[in-house]
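One structure is given here, and the rest of the page talks about it.
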Amino acid sequence: MVTLPEAKLYINGVVRKAAGNKTYDTISPWTGEVIGKAADASPADVEEAIATARRAFDETDWSTNHQLRHGLLTKLRDLLVANRQRLSDIALHEIGAALGFIPMAQVDGAVQGFSTLLEVFKTVKWEEDRGRIEFYGMKTDRITVHEAVGVVGAITPWNVPLYVNIAKVASGLLAGCTVILKPAPNTPSMATIMGELAAEAGFPAGVFSVISSKDPVVAGEMLVTDPRVDLITFTGSTGVGKRIMEKGGSTLKRVFLELGGKSANIVLDDTPDFAQVVGRSALATCSHAGQGCAIPTRLLVPQSRYAEAVAAIEQSYTANASAWGDPKQPTHVMGPLISKAQLDRVMGYIELGKKEGARLLAGGKARPDKGGGFFVEPTCFVDVKNSMRIAQEEIFGPVMVVIPFKDDEDAIRIANESDYGLAGMVTSGDKARATRIARRIRAGNISVNGGIMITPDMPFGGYKRSGIGREWGREGIEEYMETKVIATGA
Ligand code: NAD
């Protein structure tokens, strides 16, 4: 049995245990067994992290010394690269990522994103000359100055923790903020290893802290309600995002939210290799057992080719029925769900789909026989109406729903009839037609004809209840900055 190293806090420049040496067990999603221990931060630990972050922002040159920050963050990136094996072990054992998913967002894609942010940093404008104006008969020379917001509380989820941690921590620190990172209780190690490596890189005390804790709420709410924290950057569920907005309101702090999704994948009737494209779409929804916010889990296919689409999907599920769930198989991209709670939630939706009258085409069962962990079969419902809850609510498991549409207008209507607006896909033999549809979908990132819609040099984020703000790229760094005008009488 594998045991991961103990996940420790990183506060005021020190890697250490929680007050009173309190720890909690972390669980392997593959087996349901204890896989390691993590520090269980007390309110006193969180208080110290906030106080030192505030001091480091107010009393040191961290926010203004761009070269220092870029140099130290480059060191941190290099240390992450050098520790790839440790990161991969955490991804596999603590997060339950299949080996085939580790080179993607789980480890290598995340670290590559860090390198991209280091490059993007060089394009940030810190100051701009906005020229002279004569107003009310007075001449004034103006500049805008772009500077860090202040102390950031970064609250992250369990599905792709390194990727989300890097997006928030690297962007916030590059902007000149000081950052306190609070990971999800199930997956502390991708955060705590960043703390350890920041200490090794020689980060000044207090500019970056990591607090893991068993309770999902207490540490997060302390960050959200504390007046010394200027900005909360949160990735997680829409329900918790709403609560954070409400609670953050009392101190009017900036709140930047990356939330859930139920993205549509529209395959048009003129798509070349229609059956193959539809079959592949089905498999894509199983990546990381469907635990990805931007996975297009609503497949929209033309009524005129519906029977053909359903046959291709069924064939795809049958052909790949056993190609998942083996922790030693490098070609697998799907492992277990993160926890028993998530397994119960996904199984609840599968039962709901049956009750709502959708037809279960593939999968539908929990599979503890795969190794004792939290496995659910790749699952697909067809004959789904967009009004059904399984078409409207985020399931966050390997469950795809298939909905027929009449024509382009109908496809756009169905895609947009959702509270969410995170991502989407359109495929057609006619690029102009697909692009016209993409322009009308109310979502932040859309792929046309297989284009990669999420890369670390470009902004990512949601419309509607999928979030507020943009992560990654120049826009992602600018989320952590304020704009000041300095106007000088001429
Ligand atoms: P979650 O909302 O349950 O928890 C996310 C984080 O918030 C965790 O660290 C948790 O401990 C913390 N938290 C919980 N209650 C809190 C509170 N009241 N105050 C402050 N913090 C609190 O989400 P999850 O289950 O960890 O992750 C899955 C969700 O994340 C899905 O909805 C998914 O769509 C979303 N997600 C979105 C993106 C994106 O970029 N849009 C990326 C990944 C995941």
Side-chain angles (χ1 to χ4, degrees), residues 1-10 15 17-18 23-40 79-111 156-166 181-197 210 212-214 216 286-292 323-343 346 366-376 396-398:
M1 203 187 71
V2 179
T3 307
L4 292 175
E6 188 174 324
K8 298 207 178 82
L9 310 182
Y10 172 57
V15 176
K17 290 176 176 280
T23 60
Y24 66 96
D25 291 338
T26 51
I27 306 295
S28 161
W30 299 94
T31 62
E33 290 169 357
V34 173
I35 189 88
K37 279 193 187 317
D40 189 6
L79 286 168
L80 286 166
V81 171
N83 281 274
R84 182 183 186 275
Q85 191 54 51
R86 283 177 72 192
L87 300 175
S88 301
D89 289 346
I90 295 167
L92 177 70
H93 298 297
E94 188 176 277
I95 302 163
L99 289 180
F101 192 58
I102 287 175
M104 296 188 247
Q106 210 56 260
V107 174
D108 301 299
V111 177
T156 59
W158 43 259
N159 60 334
V160 276
L162 184 66
Y163 181 81
V164 181
N165 293 346
I166 285 175
L181 172 62
K182 192 213 86 65
N186 293 329
T187 55
S189 298
M190 285 299 195
T192 58
I193 193 172
M194 283 177 74
E196 265 180 55
L197 299 179
V210 182
S212 57
S213 60
K214 183 178 184 187
C286 297
S287 182
H288 197 32
Q291 302 168 113
W324 63 281
D326 179 348
K328 296 200 170 66
Q329 179 51 258
T331 58
H332 286 189
V333 293
M334 167 162 163
L337 295 166
I338 187 70
S339 62
K340 173 76 169 60
Q342 190 63 12
L343 174 94
V346 171
R367 291 287 300 276
D369 58 299
K370 282 261 184 191
F374 313 120
F375 298 95
V376 172
F396 228 54

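Start at 1 with the first residue, then count along the sequence. Side chains are part of it too, since the values below use all heavy atoms of this structure and drop only hydrogens, waters and symmetry mates.
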Give, for atom [atom1] of [X] and atom [atom2] of [Y], the distance between the pair rounded to the nearest 0.5 Å.
| X | Y | atom1 | atom2 | answer |
| --- | --- | --- | --- | --- |
| M190 | L181 | CE | CG | 12.5 Å |
| I90 | Q106 | CD1 | CD | 10.5 Å |
| H332 | S287 | NE2 | OG | 13.0 Å |
| E6 | S189 | CD | OG | 10.0 Å |
| E33 | T3 | CD | OG1 | 10.0 Å |
| L87 | L80 | CG | CG | 6.0 Å |

Hey, does [Y] have a side-chain heavy atom less than 4.5 Å from the side chain of [X]?
| X | Y | answer |
| --- | --- | --- |
| L337 | P398 | yes |
| L99 | L92 | yes |
| F374 | I27 | yes |
| E94 | P188 | yes |

Whether the side chain of K370 engages the backbone of W324 through a donor-acceptor N/O pair (distance < 3.5 Å, no angle test) should be reported.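 Such a contact is found between K370 side chain and W324 backbone.
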Is it the case that the side chain of H288 and the backbone of F101 share a donor-acceptor pair, with hydrogens and angles ignored and the cut-off at 3.5 Å?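 No; zero donor-acceptor contacts below 3.5 Å.
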Between I166 and M194, does the side-chain contact (heavy atoms from CB on, under 4.5 Å) criterion hold? Intermediate values first, please. CA-CA 9 Å; I166 285 175; M194 283 177 74; 4.1 Å; yes
Give the C-alpha distance, both sets of side-chain angles, the deciding distance and a yes or no for side-chain contact (heavy atoms from CB on, under 4.5 Å) between M104 and V333. CA-CA 10 Å; M104 296 188 247; V333 293; 3.8 Å; yes
Would you check, one step at a time, whether the test side-chain contact (heavy atoms from CB on, under 4.5 Å) holds for L9 with T192? CA-CA 6 Å; L9 310 182; T192 58; 5.9 Å; no
Salt bridge or not between K328 and D326? Use side-chain N to carboxylate O under 4.0 Å.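 Not counted as a salt bridge, because no side-chain N and carboxylate O are separated by less than 4.0 Å.
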Show the nearest heavy-atom pair for residues [X] and [Y], with the distance to one decimal.
| X | Y | result |
| --- | --- | --- |
| K37 | T26 | N-OG1, 3.9 Å |
| P216 | P185 | CA-CG, 3.7 Å |
| G335 | A98 | N-CB, 3.9 Å |
| Y24 | S212 | OH-CB, 4.3 Å |
| I338 | Q291 | N-OE1, 3.0 Å |
| V160 | A105 | CG1-CB, 4.0 Å |

Test side-chain contact (heavy atoms from CB on, under 4.5 Å) on E196 and V210 and set out the steps. CA-CA 9 Å; E196 265 180 55; V210 182; over 6 Å; no
Which word best sums up how the rings of F396 and W158 line up, parallel for under 30°, tilted for 30 to 60°, or perpendicular for over 60°?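 Ring orientation, 0 to 90° scale: perpendicular.
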